[in-house]
Amino acid sequence: MNDYLEEILTASLAQFELEETPEIHLEAPKVESHGDASTNLAMLLAKPLRNNPRAIAQQIVDGLKYDEAKISSVEIAGPGFINFRFAEDYLYDELGSIIDLGTDFGKTETQKGKKIQIEFVSANPTGPLTVGHGRNAVLGDTVARLMEWTGAEVDREYYFNNAGRQMRVLGQSVQARYLEELGKDSEFPEGGYEGEYIKDIAKEVIEEQGETLVDADWTPFKEKAEQAIFKDISNTLNRMKIHMDNHFNEHSLYDGGDIDSVVSRLREKELVYEADGATWFKTTEFGKEKDTVLIKSTGEPTYRLPDIAYHANKLDRGYDLCIDIFGADHIATYPDVLSGISALGYNPDKIDVIVYQFVTIVKDGQPFKMSTRKANFVTLDELMDEVGSDVTRFFFLMRSPNTHLEFDIAQAKEAGEKNPVFYLQYAHARIFSILRKADEEYSFDGEVQLNLLKEDAETSLIKTLFKFPGAIQSAADAREPHRLINYLNDVASAFTTFYHDCRIIGVDPKLAQSRIALAKITAQVLKNGLTILGITAPERM
RNA sequence: GCGCCCAUAGCUCAACUGGAUAGAGCAAUUGCCUUCUAAGCAAUAGGUUUCAGGUUCGAGUCCUGAUGGGCGUACCA
C-alpha cells in the first residue's frame with residue numbers, strides 16, 4: 001500500500017517542477033480519526049515552494065489520481081497533513097492475501113542474498129552464564145532471527161579465549177580444590193574462583209583420574225575446567241533455544257598468522273611504531289587523543305590486537321555485515337577496532353556494533369554487584385528453573401537495548417501472573433480454544449466471505465495485522481527486538497477487543513466462517529512473532 | 001579532567017528516529033464470570049517529558065549549558 005501511495009504522490013508532485021523531490025514519508029497516524037496512512041509532504045515543501053503547507057497540500061490532493069477500490073478518502077488536516085483512508089475492499093483483498101501467506105506472513109526479502117555474521121555471548125569459559133550474560137545472549141540470538149526473517153543468511157558465532165591469566169587462575173583454582181578434596185596440602189590462588197562449581201569440577205577430576213594428578217601442574221585442570229564449563233554454557237544456551245553455528249578460538253588467530261599479518265600490514269602503512277619497548281598503533285591518526293598499545297613490552301599483545309585481527313578475519317570470510325553485541329563496558333574498545341579495520345583497507349561500515357546498557361540486578365530489594373570470581377551471581381540456569389525459558393527471554397527483550405534494565409530477581413520469580421509474556425501467549429491459546437470448539441459446532445462449505453467483517457473491532461484488528469511485516473522490518477533495521485514486542489501487544493490487545501465484541505460460536509455460519517479465518521491469521525501472526533522472539537506459542541494454557 | 005549512554009505517571013518502561021490529543025504494564029479505586037479461557041474486559045485517577053536557553057510551521061525526540069545517575073578512560077580482558 002505504501003508503495004502505491006508513494007507512486008500516486010510522486011505523480012502529483014510533477015506539477016511543481018521541483019529541483020529535488022523530497023523523500024516521501026508515510027506513517028500510520030496514532031489517532032484513528034486521522035486515517036490509515038498519513039504524509040507530511042506538504043509541510044516539507046513549504047519552504048522550497050514559499051507557500052503555506054495547507055495550500056500546497058490542497059494542490060497535491062487536487063493533482064492526485066487514485067483508485068477508489070484502494071482508497072476511500074483523502075483529507076487535509078492539521079497544519080498540512082494529507083490523510084488517506086483505505087477502502088474496505090482493499091482491506092478484504094489484502095487480508096485474503098496474507099491468509100494465503102500463512103506461516104510465511106511477515107517475511108521480507110529486504111536483505112536477501114546478504115551474509116550476516118553475528119557475534120555474541122563470547123564469555124570466556126571461567127564460570128556458568130549469569131543473568132548478566134542473559135541480555136547479551138538473548139539480544140544477539142533475537143537480532144539474528146530478525147535478520148533471517150528479512151531474508152539474510154545468518155551465522156551465529158561465539159568468540160572466546162582459553163589462554164591467558166584468567167584461565168591459568170581457573171586451572172589453579174580447580175587444582176587447589178582437587179588437592180583439598182584429597183586431603184593434601186593446597187594453596188588457593190590469589191584472586192581464584194571461589195564458586196561451588198569449581199569443587200564440582202574437582203570432584204569430576206577425581207572420579208576420572210583418581211589421585212594421578214597430585215603432582216601435575218595446573219594445565220590438566222584448566223583443560224578439564226574449560227571442557228566442563230563449556231558444556232555447561234552450551235546446555236544453558238540450548239535451554240534458551242540458542243544454537244551457535246561456530247565457536248571461534250582467539251588462539252587460532254595466532255596459529256593462522258592473522259596477528260602477525262595485521263601488525264606488518266599496519267607497519268607498511270606506517271601506522272605502527274616502537275616506543276618504550278612496546279608496539280604502538282597510531283590511533284591519533286583516527287581522531288583519538290592517545291596512541292594505543294598493541295604489543296606490550298613483555299611481548300604479549302593487548303586484547304585490541306586480536307580484536308582487530310578477528311574482525312579482519314570475519315570480513316575475509318566474505319560476510320556483508322558483521323554485528324557485535326557488546327555490553328556498555330566494552331564501549332571504549334570498538335573505535336580502536338574500527339580504526340584498525342579501516343587502516344587495513346576494509347570498509348568499517350560492514351561492522352555494526354550494538355551496545356546494550358547494563359543489567360542492574362536487584363536482589364532482596366538491594367542493587368547486587370555480580371562477580372564470577374567471587375561467586376556472587378545468579379545463573380541463567382537458576383533463573384530458568386524458576387520461570388522457564390519463555391519468561392527469561394521475554395524479560396531481556398522487553399526493553400530497548402539502549403536503556404538500563406532493572407532485573408528484580410524476586411519479581412522475576414513471582415512473575416507467574418504478572419509477566420506480560422503471558423498476555424501474548426494467552427491470546428494465542430484462546431484462539432485455539434475457539435478453533436477447537438468451532439470444529440465441533442460447524443462444518444463449513446463454500447468460499448470465505450471476508451467482506452462480512454464490518455465491525456470496528458474487526459477492521460481495527462485487520463489493520464493491525466497488516467502492520468506485521470513493517471514491525472519486523474523496523475525491529476530488524478534498528479536492531480531493537482522490543483519493537484516487535486510492542487507490536488505483538490497491539491495485536492493481542494486488538495484481538496481481545498474483537499473477542500469481546502464479536503462472538504464466533506453461535507452466529508450465522510457464513511459470518512462465523514469469516515471470523516474464524518480472521519482468528520486464524522491472528523494466531524499465525526502471534527505465533528510467527530513469538531517464534532522470532534524464541535518464545536513458544538502454546539495452544540492451551 | 002575527558003568520552004559514551006541515560007533522565008518521561010508512585011514503580012518499571014513505550015512513543016514507528018522531527019509530527020496531530022505523550023501511551024502500556026504493575027500499584028490504587030470501581031464495576032463485569034449461567035454465553036467461544038476472568039492469565040481477561042470496561043471505567044476512574046495519575047504528567048510543566050529533570051532544569052534553563054536555542055533551532056522551526058511543529059521538539060519527549062536535534063543543538064548549547066546546568067543538575068543527577070551508569071559505564072568507560074591502563075603496556076587488565
Side-chain angles (χ1 to χ4, degrees), chain A residues 25 27-31 33-34 38-40 42-44 46-47 52-54 77-81 83 124 126 161 164-167 250 275-280 288-290 292-304 306-307 327-333 335 355-358 360 362 398-400 402-408 411 416-427 429-438 441 467 470-471 473-475 477-478 480 482-483 485-487 489-490 492-493 496-497 499-507 512 515-516 519 540-541:
Chain A
H25 185 67
E27 60 173 35
K30 285 180 208 162
V31 187
S33 65
H34 292 147
S38 171
T39 181
N40 61 350
M43 275 110 88
L44 296 178
K47 190 163 272 182
N52 86 67
R54 286 195 68 110
F81 290 102
N83 295 337
N124 286 338
T126 59
N161 175 17
R165 193 186 57 84
Q166 264 186 9
M167 294 302 289
E250 180 183 322
D276 306 324
T279 304
W280 296 74
K288 211 185 165 194
E289 274 179 38
K290 283 167 68 181
T292 306
V293 172
L294 288 182
I295 302 173
K296 299 185 245 177
S297 50
T298 59
E300 230 179 324
T302 65
Y303 64 98
R304 280 160 216 263
D307 273 357
D329 55 338
H330 283 70
I331 202 156
T333 85
V355 176
Y356 63 91
Q357 295 301 311
F358 257 45
T360 311
V362 177
M398 249 172 10
R399 277 80 193 252
S400 153
N402 208 11
T403 172
H404 295 267
L405 189 154
E406 185 164 305
F407 197 112
D408 189 322
Q411 204 185 350
E417 307 235 330
K418 288 178 188 165
N419 201 296
V421 70
F422 294 115
Y423 185 69
L424 303 182
Q425 295 182 317
Y426 187 62
R430 236 179 192 174
I431 294 171
F432 270 82
S433 172
I434 295 170
L435 294 180
R436 282 190 297 269
K437 200 136 198 165
E441 302 279 330
K467 293 177 188 163
Q473 193 64 54
S474 155
D477 289 348
E480 291 183 355
H482 76 280
R483 294 185 186 210
I485 290 185
N486 290 343
Y487 167 74
N489 261 312
D490 289 346
S493 166
T496 309
T497 305
Y499 171 83
H500 281 271
D501 292 359
C502 306
R503 287 196 57 80
I504 291 178
I505 313 291
V507 301
R515 285 183 174 165
I516 284 169
R540 289 172 204 273
M541 282 178 79

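Just so it is clear: chains get the letters A, B, ... in the order the sequence lines come, proteins before strands, and each one is counted from 1.
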Distance test, side-chain N/O of [X] to OP1/OP2 of [N], below 4.0 Å:
X	N	answer
A/Tyr499	B/rA42	no
A/Tyr423	B/rC41	yes
A/Arg430	B/rA38	yes

Q. Any luck finding a side-chain donor-acceptor pair between A/Lys437 and A/Ser433 under 3.5 Å?
A. no
What does [X] touch in the nucleic acid at a heavy-atom separation under 4.0 angstrom: a base, only the sugar-phosphate, or nothing?
X	result
A/Asp501	nothing
A/Ala438	nothing
A/Thr496	sugar-phosphate
A/Pro79	base

Using the [atom1] atom as the reference point in each nucleotide, state the distance between [N] and [M] in Å, no decimals.
N	M	atom1	value
B/rG18	B/rC76	P	42 Å
B/rA42	B/rG60	C1'	30 Å
B/rU56	B/rU50	C1'	24 Å
B/rA43	B/rG23	P	14 Å
B/rC63	B/rG72	C1'	25 Å
B/rA15	B/rU8	P	14 Å
B/rG19	B/rA59	C1'	10 Å
B/rU48	B/rG53	C1'	16 Å

Looking at [X] and [Y], what are the two nearest heavy atoms and their distance?
X	Y	answer
A/Ile516	A/Ala438	CD1-CB, 3.6 Å
A/Gly327	A/Tyr356	N-CE2, 3.4 Å
A/Pro53	A/Met43	CB-CG, 3.9 Å
A/Tyr423	A/Ala492	CE2-CB, 3.5 Å
A/Val507	A/Arg515	CG1-NH1, 4.1 Å

Heavy-atom nearest nucleotide on RNA chain B taken for A/Arg436 and for A/Leu44; more 5' hit belongs to A/Leu44
The glycosidic conformation of B/rU44, counting syn as within 90° of 0 and anti otherwise, is anti
Base orientation of B/rC71, chi within 90° of 0 counted as syn, else anti, reads anti
**Request:** Determine, step by step, whether A/Leu405 and A/Thr360 satisfy the side chain to side chain contact (heavy atoms under 4.5 Å, CB included) criterion, reporting the C-alpha distance in whole Å, the side-chain angles of both residues, the deciding distance to 0.1 Å, and the verdict.
**Result:** CA-CA 6 Å; A/Leu405 189 154; A/Thr360 311; over 6 Å; no
Between [N] atom [atom2] and [X] atom [atom1], what is the distance in whole Å?
X	N	atom1	atom2	value
A/Met43	B/rU56	CE	C1'	12 Å
A/Asn83	B/rG19	CG	P	15 Å
A/Phe422	B/rC26	CZ	C1'	15 Å
A/Lys437	B/rC36	NZ	C1'	6 Å
A/Lys47	B/rG58	NZ	P	10 Å
A/Lys288	B/rC4	NZ	P	14 Å
A/Ile431	B/rG40	CD1	P	15 Å

Geometric cation-pi criterion A/Arg430 and A/Tyr499, 6.0 Å radius, 45° cone: yes
Distance col, row A/Gln357:CD vs A/His404:NE2, nearest 0.5 angstrom, shows 4.5 Å
Aromatic stack A/Phe81/B/rA20: centroid gap under 5.5 Å, interplanar angle under 30°: yes
Taking the side chain from A/Ser38 and the backbone from A/Ala28, do they hold a donor-acceptor pair closer than 3.5 Å? no
Checklist entry - A/Arg54 side chain to A/Gly78 main-chain N or O, any donor-acceptor pair under 3.5 Å? => result yes
Once base and sugar-phosphate atoms are separated, protein heavy atoms under 4.0 Å mark nucleotides 72-77 of chain B, 5' to 3', with B, S and - as S-SBSB
With B for base contact, S for sugar-phosphate-only contact and - for none (protein heavy atoms under 4.0 Å), nucleotides 11-18 of chain B reads -SSSSBB-
For A/Asn124, the side-chain hydrogen bond (donor to acceptor under 3.5 Å, both in side chains) test, sequence neighbours excluded, returns A/Gln166
Across all chains, not counting sequence neighbours, the side-chain hydrogen bond (donor to acceptor under 3.5 Å, both in side chains) partners of A/Ser474 are A/Arg483
Its dot-bracket string being built from Watson-Crick and G-U pairs below 3.5 Å, with | for another strand and [ ] for crossing, RNA chain B has the pattern (((((((..((((.....[...)))).(((((.......))))).....(((((..]....))))))))))))....
Applying side-chain contact (heavy atoms from CB on, under 4.5 Å) to A/Thr279 and not counting sequence neighbours gives A/Arg267, A/Val272, A/Glu274, A/Ile295
